[in-house]
Amino acid sequence: MLDFFSRSPRKKSDPLASADAAKRWVDAQREELGSAVHGRVAALVAEFNETDAESLDSSTLEALLALNFETHGLHEQLGEQYLMNTRMPRALESQLRGQILHYGKQFLNAYERFLALDLQSEDGVRVYALLPLVLSRMLHYLGEYARWQFYRHYAPDDAFWLNANRLFLFAEDQGIDTVPVHLFGAVGESAGTTVQDQFLILHMLSLLSAGNLGIRQLHFAYEVLGRLSNRLTIRRDFSEEASFMIALDRGRPAARCNSAIGSAHGRYWSTAEFLDALYGWLAALEAGRPPAELKALLEPGIDAGLLRLLCREWAVKSVRFERAERVSVADRQIEVAYRLTLLHRLIRQPDEQLQMRGTQSHPDNYNDMSDIRIYGFVTGRRKDRAAGAAAVPEVAAPHHDLSRWSVENVSLTGLGVSLDAQGNEWVSLGALVGFRSQEKPDWSLGVVRRIRRLNRERVFLGIETLSERPVAASLRPLDGRTDMSLPSDQLWHGGQIGIFVPTRREGRSLNALLLPLAAYTPGKQLVMSARGKHFQIGLSALLEKGSDWCLAEVELVRPLEHAPRP
């Protein structure tokens, strides 16, 4: 009795007094602050996390769950805002990311405080009844933190994985790891989930952290896991059918299962049933019949190709595929540039220098200088050499501030490089880059295919070589009337800039053209002028696109004697 009077009872107006009080408080705050109530709730929970443990009881936990539920929609909207604006300014991106992660961190810390309560007491029994939902939400927010690490090509540390694994072990010990709950919705409004489902979603997503998937692709994989995680079941006993494994007493993510862990904390699961559903969706997509479960998620870049990659990464057994052999190198650097306009300027420099030296009077020398065969456009190389040409003074090349990256390895299809994170914030998956080395001074073009940040100072990239012999080109409409209102750096020789790119895709040689994204229209015909030759071409399939550029396959219509005049 004395203990009752010694407590400081919560006032009815206290939002943490009960679930109803929390709902009324959020409604009142929403009328006053609108969407800013999301930050106000995070601040309130942060204040609660600073209080002593005497205020922890089932009513407080119910209030926290209600606060979380009432503002979850706003939290999701912030995440969608980030996903829809992946090219926002760095300051805004950092602010939005911080706001999202702060909210999850505060609720994660608040929920964790209740795990140490005596669950045998009368109030503890009521807390125990809420634990399946509490632990599911905790793993949900741990998964959210991991996703934001993966989005930025970082990896959570060992302490993170140990906490997540111990949390699932706690749920197992309490016998509540498979109790169904509705994470943020009532029955019928949302799909059910369990602690085990949320744990599996976290670890299955970690298998995709190699750095070759973009933000929206990772988000798609997360949504797929949310729909199919109930087809995965964790087992304590090892079997030959197991696909992945995890040691709950270690700070490591899931890994391929090759043999038993040899510990009572080893857990295993097979993806056979999971893959059956995934392959069904893949077959429907390839047949042009998007499954109803995925229609809301499909967008450019989210297609059957991505689903095939997921099927390979989550396969029942490891899938072996051919990969170009990497050869390590040391003490080698490349000079790097980006942006289509700058790349065009750098690629055309040798031609312009040669023209300035008076080579125009020796067309054979000019054509031979390129030492290039344009497949489909030019059927042979000129081998005539003009002897005794007069010496021409060197012409200084325009100066450009270019980055220098260290080459770690090379292969037939590209190279691996390392670079300082500071000053290279523009680097992203799918970025178009030009590079050259001292041994090979001509510019090559490549696309960033993989990013890995092992620490905050250094970034490792995998670059696929697009072409080692790009040619600067000028593009005009058939009537010769170029839109001269375009920015000056997009105009050259009376036309819009483009780069002819002989390349290979899926084992076949292609003629392709890099051009500004706004200039691409399927089937559009243009006149391409390159190194003194003119061709009428047609734009065909779009092979790839970036923020302001695209790579389109081109077809030769006919060679021309001269460029059209307006």
Side-chain angles (χ1 to χ4, degrees), residues 136 139-140 142-143 146-147 150 155-156 161 164-165 167-169 171-172 177-178 180 183 191-213 217-248 250 252-263 265-286 290-294 297-298 302-321 323:
S136 295
L139 281 167
H140 168 79
L142 284 173
R147 289 203 309 278
F150 299 150
W161 292 115
N165 296 343
L167 195 62
F168 178 73
L169 184 60
E172 275 192 338
D177 55 306
T178 57
L183 200 59
T193 189
T194 65
V195 173
Q196 185 177 121
D197 286 343
Q198 295 300 313
F199 182 73
L200 284 167
I201 289 171
L202 167 60
H203 280 281
M204 290 289 284
L205 200 64
S206 73
L207 299 168
L208 306 177
S209 60
N212 58 342
L213 292 180
Q217 291 174 318
L218 281 168
H219 179 72
F220 173 79
Y222 167 73
E223 292 289 343
V224 166
L225 287 167
R227 287 157 172 76
L228 297 179
S229 60
N230 59 355
R231 294 173 180 260
L232 301 168
T233 303
I234 292 179
R235 303 190 184 281
R236 293 172 180 261
D237 299 324
F238 170 77
S239 71
E240 294 296 334
E241 289 74 32
S243 305
F244 298 98
M245 61 185 182
I246 184 72
L248 297 180
R250 301 175 193 169
R252 295 287 188 275
R256 275 285 171 191
C257 186
N258 299 317
S259 60
I261 292 177
S263 165
H265 292 104
R267 299 293 184 270
Y268 313 87
W269 65 93
S270 170
T271 57
E273 186 181 353
F274 177 88
L275 261 293
D276 286 344
L278 213 57
Y279 276 119
W281 287 353
L282 177 58
L285 269 181
E286 290 179 330
E293 298 92 336
L294 299 183
L297 304 176
L298 298 179
I302 308 299
D303 51 22
L306 175 58
L307 214 51
R308 277 194 296 273
L309 184 146
L310 297 182
C311 288
R312 185 189 75 198
E313 297 296 325
W314 293 331
V316 178
K317 295 298 179 182
S318 181
V319 177
R320 296 187 179 276
F321 58 96
R323 181 180 178 183

- Task: Determine whether S270 and S243 make a side-chain contact, defined as any pair of heavy atoms from C-beta on separated by less than 4.5 Å.
- Result: yes
**Message:** Contact between H140 and T193 at the side-chain level, heavy atoms closer than 4.5 Å - yes or no?
**Reply:** no
Shortest non-hydrogen pair, M245 vs I261, comes out as SD-CG1, 3.8 Å
Quick one, L310 and L208 - any side-chain contact, counting heavy atoms below 4.5 Å? yes
So OG of S209 and CD of E313: to nearest 0.5 Å the spacing works out to 9.5 Å
| field | Enclosure of R256 CZ (heavy-atom neighbours >12, cutoff 6.0 Å) | value | yes
Taken to the nearest 0.5 Å, the spacing of T194 OG1 from D177 CG works out to 7.5 Å
Could you tell me if the side chain of L285 sits less than 4.5 Å from the side chain of R308, heavy atoms only? no
Those residues at least two apart in sequence (or on a different chain) that pass side-chain contact (heavy atoms from CB on, under 4.5 Å) with T233 are Q196, R235
Output for pair (L218 CG, R147 CZ), nearest 0.5 Å, gives 10.0 Å
**Asked** Between N165 and F199, does a side-chain contact (heavy atoms from CB on, under 4.5 Å) hold up when you go through it step by step?
**Response** CA-CA 8 Å; N165 296 343; F199 182 73; 3.5 Å; yes
Does the pair C257 and W269 meet the rule for a side-chain contact (heavy atoms from CB on, under 4.5 Å), with working shown? CA-CA 9 Å; C257 186; W269 65 93; over 6 Å; no
For this session: Kindly indicate whether the side chain of I246, heavy atoms from C-beta on, has any atom under 4.5 Å from the side chain of F168.
Result: no
- Quick one: are L213 and L306 in side-chain contact, heavy atoms under 4.5 Å? yes
Check the angle between the aromatic planes of W314 and F274 and answer parallel, tilted or perpendicular using the 30° and 60° thresholds. perpendicular
Distance col, row Y279:OH vs L307:CG, nearest 0.5 angstrom, shows 9.5 Å
Scanning both residues in full, the closest heavy-atom pair of G143 with L202 reads CA-CD1, 3.9 Å
CG (L225) and CG (L278) are apart, to the nearest 0.5 Å, by 9.0 Å
For this session: For the pair S239 and Y268, evaluate side-chain contact (heavy atoms from CB on, under 4.5 Å) and give the outcome as yes or no after the intermediate values.
Result: CA-CA 8 Å; S239 71; Y268 313 87; over 6 Å; no
Side-chain touch V224/W281, heavy atoms, less than 4.5 angstrom: yes
Could you check L232 against M204 for side-chain contact (heavy atoms from CB on, under 4.5 Å), going step by step and ending with a plain yes or no? CA-CA 10 Å; L232 301 168; M204 290 289 284; 4.1 Å; yes
When rounded to the nearest 0.5 Å, the distance separating CG of L275 from CZ of R312 is 13.0 Å
Original post:
Just wondering, do L297 and R227 contact through their side chains at under 4.5 Å, heavy atoms?
Top reply: yes
For I201 and G226 the tightest heavy-atom approach is CD1-CA, 3.9 Å
Practice item. Return the orientation label for the H203 and W161 ring planes: parallel under 30°, perpendicular over 60°, tilted otherwise. Key: tilted
